[in-house]
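Take a look at the structure below.
In this text, all values refer to a predicted model and were calculated from it rather than measured experimentally. A, B, ... follow the sequence lines: proteins, then strands. Residue 1 opens every chain.
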Amino acid sequence: MAATTTPRPRSPSAKGPLAPAERWFKARGWKPFPFQREVWDAYLAGDSGLIHAATGTGKTYAAWMGPVLEWMAEFPKGAPAKPPPPLRILWITPLRALAADTEAALLAPLTELGLPWTLQSRTGDTSAKIRSRQRTRLPTALVTTPESLALLLSRDDARTLFADLRAVIVDEWHELMGTKRGVQTELALARLRSWRPQMRTWGLSATIGNLDDAREALLGATPGRPPGRVVRGLVPKNIVVDALIPPRIERFPWAGHLGTQMLPQVVDAIEEGETAIVFTNTRSQTEIWYQALLEARPDWAGLIALHHGSLDRAKRDWVEDGLRSGKLRCVVATSSLDLGVDFSPVDRVLQIGSPKGVARLLQRAGRSGHRPGAVSRVTCVPTNVLELIEVAAARDGVEAIAVESRLPVERPLDLLAQHVVTVALGGGFLPDELLAEVRTTGAYAGLLDDEWRWVLDFVTRGGDALRAYPEFQRVVVDDETGRYLVRDKGVARRHRMSIGTIVSDASIAVQYLRGARLGTVEESFVARLNPGDRFVFAGKPLEFVRVRDMTAWVRRTTNTKGLIPRWMGARMPLSGELAASLRARLEEASRGEFRGPEMQAIRPILDVQARWSRIPRADELLIERVKTREGHHLFIFPFEGRLVHEGLAALFAYRISRLTPISFTFSMNDYGMELLSPEAAPLDAALKAGLLSAHNLLQDVPASLNATEMARRQFREIARVAGLVFQGFPHAGKSVKQLQASSGLFFDVFTRYDPGNLLVSQAHREVLERQLESSRLGRTLERLAAGNVVITNPKRTPPLAFPLLVDRTRNAVTSESVTDRVQRMKLVLEKYADTGK
DNA sequence: GACCTGCTGCGGTATG
C-alpha cells in the first residue's frame, strides 16, 4: 500500500467520555457499532431503555460499558484500588448457566481497564464459599436470577445492600416478560427504584412483536418517569429458512409427527456441516431421533448426543461443553438449547416438525451462524405432508418480520402475596408506601384497593377460610410503628425456601444401581414398568430394577428395543402469526398458485383436497361432512391453533346440542377439529341459529373443557406461589402428588367456604387465558362470523381432515364431559365477570 | 393412506 501523508482525522470521541471503551474495543481489533455508542451516550445521559438485537451481536457490551464508563469518569486519575466498591451493578438473567457465562465475558474489560471491581454470579457457582462471602458483602457487580434477587430483598439489611446501586441490566427480557418470573422482576425493580430513584435500567431483548410493551413493563409505571429508549441493535441477520422435501410425496404420510421417514435426508444434512443441532418439539422425540441416527450411523457413537429438560444437569453440561469445543458432531435437542451459551461452531440447524411460531424459529435459526454478520440458516424437516405448508408460511413470517408478541401478565395476586411477605422479611413495610410502590410496576398499575386489602388480609390472617390456623398468619403488625413484619423464624425459613414462581412437574429420578443419575421421568411412566422391563432413556438402553425413595433404579442393558418415556408437557399451539400466514398460503393454493419448493411438492396432495372437497380461502371457514361406519363426522377448519379449537369444539357441541339432543366425540389439532356423532348433526339449523356468533360468547362459551377441574389443577401453581403449600426441604420434599392433593384441598375449601377468595378467581382466569386462549378465541369467532362458511360433502376423508381422524383414536374426548363442562361454565363465567376482567 | 406429539426455567435448611 502506498504511503500517504494525509493525516487521519482524530476520532471526535478519542478523548471524550467514551474513550476507554473505544480503546478497549480497538485493542481487540473491534470497532464499536453505532448502536453501542448510542447506548453508552444514553446511559451517561442518565437514560434507561431497551436494546433489541440478535444474540452474538455485541449487546452485552453495549449494556455493560455504560456503567463502566460512568465509573471511569468519576475517577479520571484512577480509582483507589482498595477496598473494592460496594454493589453498583446488578445483572439479571433467566438462566443459571448464562450467569456463569456472562460473568466470564464481563470480566475481561474490568481487568484490562484496571478497575478495582469484584464481579461474581450469585447463581451458577453456588459454592458455599461464595455464598458466605456474599452474606457479608456483595461484589461490585453481581450477576443473578430473579429468584436470587428476591432472596436478597428478603434480607433484613436489604436496603443497605443496594445503597450504592447505579444500574440494573436485565438480559433476555423477552423470555422473562409475559411470565410470573417477569412480574417478580418488575416487583424487585420497583423496590430498588424506590430506594435508588436515579438508578438506570436497561433491558436486552430479542425481536418480539411488542417492544414498546416490553420497555414499559421493564421501566415501570412511575408517574413522570422519562420515556426511555428503544435502541435497535443489529437485528435482522440474514436468515435462511429452507426445507428437506420428501423425495416421493405420494408415499409421505398424511398424518403423524415423528418424521423418521426423513432419516436419510437428515443424515445427509448433518454430514454437510461441521456441527449440527437437530431441534425437535418434544423430549421423547429427541430420544427417538437419537436412536434412529445412531442406528443409521453406528460410526457416530460418541459424536452425537441428546439434550432435553429431563436429563440430569451433569449430562447436559457435558453435552454443552462438547458442542462448544466442537467435539460433538450433532446434538438432538428440545428448546432446552434455545437459549444460553453461544455455540459458535454450530453451522447447521435442523427443525423436525412444525416450527409452531416465527419467534421460535428465529431463535433456533440464531443458534447457527453465531457471529456478527454471519448467515443463520435453519432447515425444516416435515413430519407429514401438511407441514410443508407450515414451512412456507414460517418463511413468509420470517421475511415479513411478523414476530409474535409476549403479552404481559396482569396483576397475579399469588405472586403479590409472595412479594409482600418477602418485603415484610426484608425490613418490613407500611401498607400505603408499599402499595404506591407496587403500583409503579406495569403489572400492578391497575391493582384495586380491595385486592390490596385482600392480599394484606391473606398474609396476616390467612383470609376468611384459614383464620383459625396460626401458620397462615405469616406477617404481623408492629404495635408501635405500624410496620408489617415477619417475626417467626420458621415462617421466614419456609418463605425463603419457596421463593420463586416455577412449579415443577411430577417426576421421579432415574439412576443406575451404583452410579450416576440420568434424569427424571414421570411417575405414570414408571408405574407401567415391571422389574426386568426395558426402556430407552437419556440415549441409553436400560433395564428397570425397582422404585425406591422416589427413584427408579436401573441397570445398563444392550437391547436398544424398548419403551421410550413420554412426558406430559404443555401443548404449544400454532401461533396466531404463523396461522395467519398459513391461511394466506392456502388461499394462494386455492387460486392455483404454488410458490416455492414446499408448495410445489405438496401440490398433488392439495389437488386431492381440492377434488374431494375444497381448499379454503383465507376468509372461508371450511366444514366437511363425511359419513363413515363410525358415524357422522364434521371437520371444521378455523386454522387457529389447538387450544382455541379445544374451546371452539366444546362451544359448537354445546350450541348444536341445544337444538337437538346429540352427543359428540371430539378431536382437534392446530388446523381444526372433528365432531363425530352417531346421527347427523343439524348443521344448517345450527348455523342459522348462530353457531359462529361471538355475540353470546360470555353465556355460551364454557370457555370450556372441564373448567372447574382445570382451575383446580391450575391452583397447584397458585397455592405454591402464594405460600399456601410448602414444598418441603430439599431431597426430603413432598411428592408432587401430595402437593397436588393439598392444593386441591385448599381449592375445594375456598370454593365452598370462601367464595370471595381472589386466588380461586385467579385460577379460573389463568385457565381461560393460558389454557384456552380465550381472547384469541373471541377474535377467532369474530373473524369466522364475518367470513363465509363453505360446506362440502366428501365421499372419503380428505387430506386436511385425515390427521384429525387419526388423532381421535389416540385420545378421544367424549361429549359426556361436555355436559359437565357446560353446567360448570356459568360458574366460571360469573367468577370471571366478578373479577372485572 | 387408517400411523407414536406435547417445551423451558429457579430456589432452599440445618449441623453438638
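- Contacts of A:Ser336 with the nucleic acid, taken as non-hydrogen atoms under 4.0 Å apart, involve only primed sugar atoms and P, OP1 or OP2.
- Projected onto DNA chain B by closest heavy-atom contact, A:Pro253 and A:Gly309 fall at different nucleotides, the more 5' of which corresponds to A:Pro253.
- The local environment of CZ in A:Arg496 is crowded, with over 12 non-hydrogen atoms from other residues, nucleotides or ligands closer than 6.0 Å.
- When rounded to the nearest whole Å, the span between NE2 of A:His308 and C1' of B:dT5 equals 14 Å.
- Contact of the A:Ser613 side chain with the A:Val608 side chain is not registered, since no non-hydrogen atoms from C-beta on lie closer than 4.5 Å.
- For A:Arg283 and B:dT8, the shortest distance from a side-chain N or O to OP1 or OP2 is below 4.0 Å.
- In this structure, CG of A:Leu574 is placed 14 Å from C1' of B:dT5, rounded to the nearest angstrom.
- Judged by distance alone, the side chain of A:Glu522 and the main-chain N or O of A:Met568 form a donor-acceptor pair under 3.5 Å.
- Taking 3.5 Å as the limit, the base of B:dC7 and the side chain of A:Ser335 contain a donor-acceptor pair of atoms between them.
- Not one N or O on the side chain of A:Glu186 forms a donor-acceptor pair closer than 3.5 Å with the backbone of A:Leu218.
- A donor-acceptor contact under 3.5 Å is not formed by the side chain of A:Ser148 with the base of B:dC10.
- Between the CG atom of A:Asp171 and the CG atom of A:Leu95 there is a distance of 9.5 Å, given to the nearest 0.5 Å.
- Between the side chain of A:Arg496 and the base of B:dG11, no donor-acceptor pair under 3.5 Å is found.
- Distance A:Phe279 CZ to B:dG6 C1': 17 Å, rounded to the nearest Å.
- An OP1 or OP2 oxygen of B:dG6 is reached within less than 4.0 angstrom by a side-chain nitrogen or oxygen of A:Ser284.
- Rounding to whole angstrom units, CG of residue A:Leu415 and P of B:dG11 are separated by 16 Å.
- The residue A:Arg316 sits close only to the backbone: its heavy atoms come under 4.0 Å of sugar-phosphate atoms, none of a base.
- Listed candidates were B:dC7, B:dG11, B:dA2. Nearest to the side chain of A:Arg96 is B:dG11.
- Nearest-nucleotide mapping onto DNA chain B: of A:Lys356 and A:Trp612, the residue sitting toward the 5' end is A:Trp612.
- Residue A:Arg181 is in sugar-phosphate contact alone, with no base atom involved, counting any heavy-atom pair closer than 4.0 Å across all strands shown.
- Side-chain proximity of A:Arg571 to B:dT13, B:dG6, B:dC7: nearest is B:dG6.
- Between A:Thr501 and B:dC10 there is no side-chain polar atom (N or O) within less than 4.0 angstrom of OP1 or OP2.
- When the C1' atom of B:dC10 is taken as reference, atom CD1 of A:Ile499 falls 11 Å away, rounded to whole Å.
- Nearest nucleotide to the A:Ser504 side chain, out of B:dC10, B:dC4, B:dC7: B:dC10.
- The CG-C1' distance, from A:Asn384 to B:dA2, rounds to 15 Å in whole Å.
- Looking at the side chain of A:Arg566, the nearest of the listed nucleotides B:dG11, B:dC4, B:dG6 is B:dG6.
- For the pair A:Glu646 CD and B:dG6 P, the computed distance is 15 Å after rounding to whole Å.
- What separates CZ of A:Arg360 from P of B:dG9 is a distance of 13 Å, to the nearest Å.
- The side chain of A:Arg493 lies closest to B:dT13, out of B:dT13, B:dC7, B:dA2.
- At most 12 heavy atoms of other shown residues, nucleotides or ligands fall within 6.0 angstrom of atom CZ in A:Arg796.
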